[in-house]
Structures are given as structure tokens and as C-alpha cells.
Amino acid sequence: MASLTRRAAIAVPAALAAPALRAQEAWPSRPLRLVVPYAPGGVTDQLGRFIAERLSRELGQPVVVENRAGANTIIGTQAVAQAAGDGTTLLMASGASMVVNPLLYRRLPYDADRDLTLLAAMVETPLLMVVPPALPAANLAEFVALARQRRLNAATVGVGNPIHLAAELFRSAAGIELENVVYPGSAPALTALMAGDVQVMFDVILTALPLVQAGRLRALAVTTRGRVPVLPQVPSVAEQGFPDYEATTWFGVAAPRSTPQPIQARLSAALAEVQRDNGFQERFGGLGLLIQPVRDQAALSRMIETERARWSAIIRARGIVLD
């Protein structure tokens, strides 16, 4: 009788586990949604839609993009963090949602480490340090010398975003003062910069590049460790005497941490195929984005820890806190 009881005790968990295993084997049996925490039309939205279309091919199910913009990516990120971990809800994640926001905000409605897992880092976005053509500084040494002679203003588009933090990081590295002037968006900030109302901006390469190519702005440096293919003549900040400087942001795909490991592995493999896709590399590489290598979970965790160390240091040093 005792033997029968033990057999029954073993059989019950196995019976309960069987439907879950069958569900994982059958996944995906219905459409997926990719939450993009930005408004439609921007490059992140374009990136998300491209990834969704290629993922659909790989997985054999539609992948629908859902734009949930607002609150510096918090609204969309919260929606995914609180979603069921069944493999049907994904996040267009970024350095902002996974690294910087948890450092900046006193309170967040999600915990990036507890609630989310990064499946792939797809692209890195360099910034360009740009100045008006009339500014008497052709390189970083001349810019720093000028900043020590008179006050220079830096255009930003808010507090705690990559444009602001890149300027703060350079100010600290160079030992100079830069007065932040906040504009409601990249377009008015760049307009003020071209007019000479402000003297420098660390802008995302997508919006600054056309103005540099047209001669309306001068690029002093890129913020990646090395040069970028679309502007090979522009040296990096690191090349020009600041070897530890690096300030970029990245975009990838994350899922609720409760998503079963077999589903996470299948999603990661499908995303790796998107990264290797020639159309993906040509389209977004041509915009100045850097296509990221395929990384395993350990490498992704190291990437996040490196980012966290870099940004937490400058955020603490400058006392940047948001509610």
C-alpha cells in the first residue's frame, strides 16, 4: 500500500507538468506582440517592425507591434514586465528601460532584474559630438581649451536621457563646465545649435548625420570606442585623449523573466537569425547604427553590468534623480 502511495505521489507532479511541457512544445500557437515603448514612425518603431516581420518568418506566427509610448519608456516596459510569461509578449528594450531608468528614478513600477530578461541586444546607437561650424574648435583639444576660456552651453532634450548623460560624462572626463540648456526635442535643439545659441550637442547619429554631411554642423567626435563606418573620418572621443570615454545606447528584445527557458532559447535563436539577416544589417547599418554580435545570456548580463557601472557613477556624481 505504501508503495502505491509513493507511486501516486510521483505520478501527480508528472501529470501536472505534462500539459505545461506540451504547451511549450506547441509554442507559438498564437500571435505574439512586440511592445515598442516609443511613438510610431521613429527609428525605434522602424526597428521594431522589421524585427517583428523577421521573427514572424522564423517562428511561423504573426508578430504584431504595439506602440505604448510615454514616461521615458516606462509605460511600455511596465506592460511587458507585468505580462504573463507565456512567450507571447516581448519588449523592444533599450539601455534606457533596462539600465538607466532603474538608476534615475526613485520609484519604478517594475524591477528590470526581477521582472525582465534580455534575449538579444540588436543594435548600438552612437552619438555625435557636434558644434556649429563657426565655433573655433576643430577637435576636442581645441574645444576643451575654449571651454576653459569661456562658458559653453550644451543642448540637451531632457534629463537622464543619453544626450544629457553623454554631455555630463564628457564634462566630467574633460574637467570642464558645460551649462545644460534643455529643449523639447532634438529638432529645436539642433536648430539652436546651428544658430550658435548653444555651442555643443551630443546627438544621436540618425538626426545629426545629415546636418554634418550638409556642412551645417561640424562633428568633433563619435562616442563609440572606435570610429563608425558611416563617418570614418571622424575620430572617437577615446582617440582624442579620453581613452575611457564611451557613451552610446542600445536596443534589443526582452521578455518577462517568468518565460520558460525553452521558449527563451527559441526566441534568442530566432533573434540571432534576424541579426545575421543581410537586409537587417544593410538597412540599419546604413543609418549609422552598429549591428551587435550575437551574445549568449552570460555576455548579455556582462554588457548590462558594464553599462550600469558607467552610468551609475556619473548619475551619482551629478546627483541626477527623477521621481
Enquirer: Answer whether the closest heavy-atom distance between the side chains of T77 and L116 falls below 4.5 Å.
Expert: yes
Enquirer: Which distance, rounded to the nearest 0.5 Å, do you find between the CD of E305 and the OG of S312?
Expert: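 Output value for this atom pair is 9.5 Å.
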Enquirer: Start with the C-alpha distance between N161 and N72, add both sets of side-chain angles, then the distance that settles side chain to side chain donor-acceptor pair (under 3.5 Å), and finish with yes or no.
Expert: CA-CA 8 Å; N161 54 58; N72 199 19; over 6 Å; no
Enquirer: With heavy-atom distances below 4.5 Å as the criterion, would you say the side chains of L55 and L32 are in contact?
Expert: no
Enquirer: List in chain and number order the residues that pass side chain to side chain contact (heavy atoms under 4.5 Å, CB included) with Q213, two or more places apart in sequence or in another chain; answer none if no residue qualifies.
Expert: L209
Enquirer: To the nearest 0.5 Å, what is the distance between CD (E58) and CZ (R266)?
Expert: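 It comes to 9.5 Å.
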Enquirer: Taking all heavy atoms of Q297 and all of S268, pick out the closest pair and write down the distance.
Expert: NE2-OG, 4.4 Å
Enquirer: Between L169 and T223, is a side-chain contact (heavy atoms from CB on, under 4.5 Å) present by the stated rule, with each step listed?
Expert: CA-CA 11 Å; L169 194 63; T223 62; over 6 Å; no
Enquirer: Could I get the full list of salt bridge (Lys or Arg N to Asp or Glu O under 4.0 Å) partners for D115, not counting sequence neighbours?
Expert: none
Enquirer: With sequence neighbours left out, what residues match R302 under salt bridge (Lys or Arg N to Asp or Glu O under 4.0 Å)?
Expert: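 Salt bridge (Lys or Arg N to Asp or Glu O under 4.0 Å) list for R302, sorted by chain: empty.
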Enquirer: Taking only residues two or more places apart in sequence, or in another chain, which ones meet R310 in a salt bridge (Lys or Arg N to Asp or Glu O under 4.0 Å)?
Expert: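 Scan of R310 (salt bridge (Lys or Arg N to Asp or Glu O under 4.0 Å), adjacent residues dropped) gives E246, E307.
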Enquirer: Counting C-beta onward and ignoring hydrogens, is there a side-chain heavy-atom pair between L220 and Q240 closer than 4.5 Å?
Expert: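 Side chain of L220 against side chain of Q240, heavy atoms only: no contact under 4.5 Å found.
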Enquirer: To the closest 0.5 Å, what do you measure between CG (N180) and CG (L178)?
Expert: 7.5 Å
Enquirer: With sequence neighbours left out, what residues match E53 under side-chain hydrogen bond (donor to acceptor under 3.5 Å, both in side chains)?
Expert: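 Listed in chain order: R57.
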Enquirer: Quick one: does any side-chain atom of R257 pair with a main-chain N or O of D113 as donor and acceptor, under 3.5 Å?
Expert: yes
Enquirer: For residues L119 and L90, determine if any side-chain heavy atom of one lies less than 4.5 Å from a side-chain heavy atom of the other.
Expert: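 SC-SC contact between L119 and L90 confirmed.
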Enquirer: Please collect all ring pair (Phe, Tyr, Trp, His ring centres under 6.0 Å) contacts where either partner lies in residues 204-242, sequence neighbours excluded, each pair once.
Expert: F170-F242
Enquirer: What do the steps show when you test R68 against Q78 for side-chain contact (heavy atoms from CB on, under 4.5 Å), and what is the final call?
Expert: CA-CA 10 Å; R68 300 196 67 170; Q78 179 186 3; over 6 Å; no
Enquirer: Which is it for I163 and D203 under the side-chain contact (heavy atoms from CB on, under 4.5 Å) test, yes or no, and what are the steps along the way?
Expert: CA-CA 6 Å; I163 291 171; D203 193 32; 3.5 Å; yes
Enquirer: How close do A155 and A189 get, heavy atom to heavy atom, and via which atoms?
Expert: CB-CB, 4.1 Å
Enquirer: Does any pair with a residue in residues 97-129 pass ring pair (Phe, Tyr, Trp, His ring centres under 6.0 Å), and if so which ones, sequence neighbours excluded?
Expert: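 The answer is none; no pair qualifies.
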Enquirer: Could you check whether D45 and N67, counting side-chain N and O atoms only, form a donor-acceptor pair closer than 3.5 Å?
Expert: yes
Enquirer: So, for G48 and V36, which heavy atoms are closest and what is the spacing to 0.1 Å?
Expert: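 Result for this residue pair: CA-CG2, 4.4 Å.
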Enquirer: Atom CZ in R225, atom CG in D244: separation rounded to 0.5 Å?
Expert: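 CG of D244 is found 6.0 Å from CZ of R225.
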Enquirer: When you group the ILVMFWY residues by side-chain heavy-atom contacts below 4.5 Å and let the links chain together, are L127 and F251 in the same group?
Expert: no
Enquirer: Distance-only, no hydrogens or angles: does the S56 side chain make a donor-acceptor pair with backbone N or O of A52 under 3.5 Å?
Expert: no
Enquirer: Please tell me if the side chains of Q275 and Q292 come closer than 4.5 Å, counting only heavy atoms from C-beta onward.
Expert: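 Side-chain contact under 4.5 Å: yes.
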Enquirer: Using distance only, find each side-chain donor-acceptor pair of residues 143-154 under 3.5 Å and give its atom names and separation, not counting sequence neighbours.
Expert:
from : atom 1 : to   : atom 2 : distance (Å)
R148 : NH2    : A174 : O      : 2.8

Enquirer: Mind checking the CG-CD1 spacing from L104 to I315? Nearest 0.5 Å is all I need.
Expert: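 It comes to 4.0 Å.
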Enquirer: Side-chain atoms of residues 130-137: list all donor-acceptor pairs with protein atoms under 3.5 Å, sequence neighbours left out, distances to 0.1 Å.
Expert:
none

Enquirer: Evaluate the side-chain proximity of M201 to S186: yes if any heavy-atom separation is below 4.5 Å, no if none is.
Expert: yes
Enquirer: Treat each ILVMFWY residue as a node, draw an edge where side-chain heavy atoms are under 4.5 Å apart, and state whether F202 and V234 are in one component.
Expert: no
Enquirer: Do any N or O atoms from the side chain of Y38 and from the backbone of V43 form a donor-acceptor pair under 3.5 angstrom?
Expert: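 Looks like no, no N/O pair under 3.5 Å.
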Enquirer: Please assess L217 against M194 for the test side-chain contact (heavy atoms from CB on, under 4.5 Å), listing each intermediate value before the final yes or no.
Expert: CA-CA 7 Å; L217 288 174; M194 288 184 286; 3.6 Å; yes
Enquirer: To check you understand the geometry: which heavy-atom pair defines the closest contact between M98 and R308, and what is its length?
Expert: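 For M98 versus R308, the nearest heavy atoms are O-NH2, 4.2 Å.
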Enquirer: For the residue pair W27 and L59, establish whether any side-chain heavy-atom pair is separated by less than 4.5 Å.
Expert: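 They are in side-chain contact.
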Enquirer: Which atom pair, heavy atoms only, marks the closest approach of T224 to P126?
Expert: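 Closest approach of T224 to P126, heavy atoms only: CG2-CB, 3.7 Å.
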Enquirer: So, using side-chain hydrogen bond (donor to acceptor under 3.5 Å, both in side chains) as the criterion, who are the partners of R216 when residues are at least two apart?
Expert: none
Enquirer: State the OG1-CD distance between T117 and Q264, to the nearest 0.5 angstrom.
Expert: 4.5 Å
Enquirer: Do the non-hydrogen side-chain atoms of W250 and L118 ever get within less than 4.5 Å of each other?
Expert: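 Contact flag for W250/L118 side chains = yes.
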Enquirer: Could you note down all residue pairs passing ring pair (Phe, Tyr, Trp, His ring centres under 6.0 Å) where residues 283-323 supplies at least one of them, sequence neighbours left out?
Expert: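 Qualifying pairs, neighbours excluded: F50-F284, F280-F284.
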Enquirer: Please identify each residue that fulfils salt bridge (Lys or Arg N to Asp or Glu O under 4.0 Å) with E124, with sequence neighbours left out.
Expert: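 With sequence neighbours excluded, E124 shows a salt bridge (Lys or Arg N to Asp or Glu O under 4.0 Å) to no residue whatsoever.
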Enquirer: What closest approach, in Å, do A39 and A69 show between heavy atoms, and which atom pair accounts for it?
Expert: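 Where A39 meets A69 most closely, the heavy atoms are N-CB, 3.5 Å.
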